[in-house]
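Beneath this line is the structure, given in structure tokens, with notes to follow.
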Amino acid sequence: MSILTWKDEYSVGVRIIDNEHKQLIAMINKAYDSVEKMEEEKVLLELVDEMRKYAMTHFATEEKLMEIHNYPETAEQKKQHNDFMIKAASSDNMLSSDNGAVDPIKVFKYLADWLRGHIMGTDKKLGIFLNEKGIK
Ligand SMILES: [Fe+2]
């Protein structure tokens with residue numbers, strides 16, 4: 001089962017950003033799946049790590065576009081990206097078995113909700129701005 005499913009309404013109107021969001025969603029689902037299938041913890045931690053690395057690549061794509069086009073809300077977006085990276089890093093700790101108190105499903109629910117909120121809020125705004133600059 002997926003924890004997050006791509007919908008057309010998630011499109012921000014810029015192809016490279018949409019493609020990277022689709023990839024991120026796929027990676028969250030893959031990691032979530034490994035929890036549901038009760039695969040080895042090692043597998044889950046690797047998948048979360050891959051997702052985190054990909055999120056960094058994706059944030060770099062967005063930040064580069066913001067800088068090139070002098071996006072006025074660059075600082076706010078970067079702050080959100082940093083917050084996510086901190087949260088994703090602490091997810092790693094939370095998910096390891098030393099910390100049995102945390103329900104991994106809740107961690108994924110948080111990550112999925114964060115990503116959906118981020119796409120629908122700040123990234124949509126960025127998309128509108130980039131469209132006005134002729135970037136699609
Ligand atoms: Fe994004």
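Just so you know, ligand 1 is whichever comes first in the structure, and atom 1 is the first atom listed for that ligand.
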task: For the Fe ion (ligand 1), find the closest N/O/S atom belonging to Asp123 and write down its atom name.
output: OD2

field: Salt bridge present between Asp49 and Lys53 (N-O < 4.0 angstrom)
entry: yes

- request: For the pair Asp18 and Arg15, find out whether any cationic side-chain nitrogen is under 4.0 Å from an anionic carboxylate oxygen.
  value: no

task: Determine which of the N, O or S atoms in His21 is closest to the Fe ion (ligand 1) and give its atom name.
output: NE2

message: With respect to the Fe ion (ligand 1), please indicate if Glu62 possesses an N, O or S atom at a distance under 2.8 Å.
response: yes

task: Would you mind listing the cluster partners of Ile86? Hydrophobic ones only (ILVMFWY), side-chain contacts under 4.5 Å, chaining allowed.
output: none

- prompt: What N/O/S atom of His58 is the closest to the Fe ion (ligand 1)?
  reply: NE2

Ion pair check, Asp83 and Lys87, cut-off under 4.0 Å: no

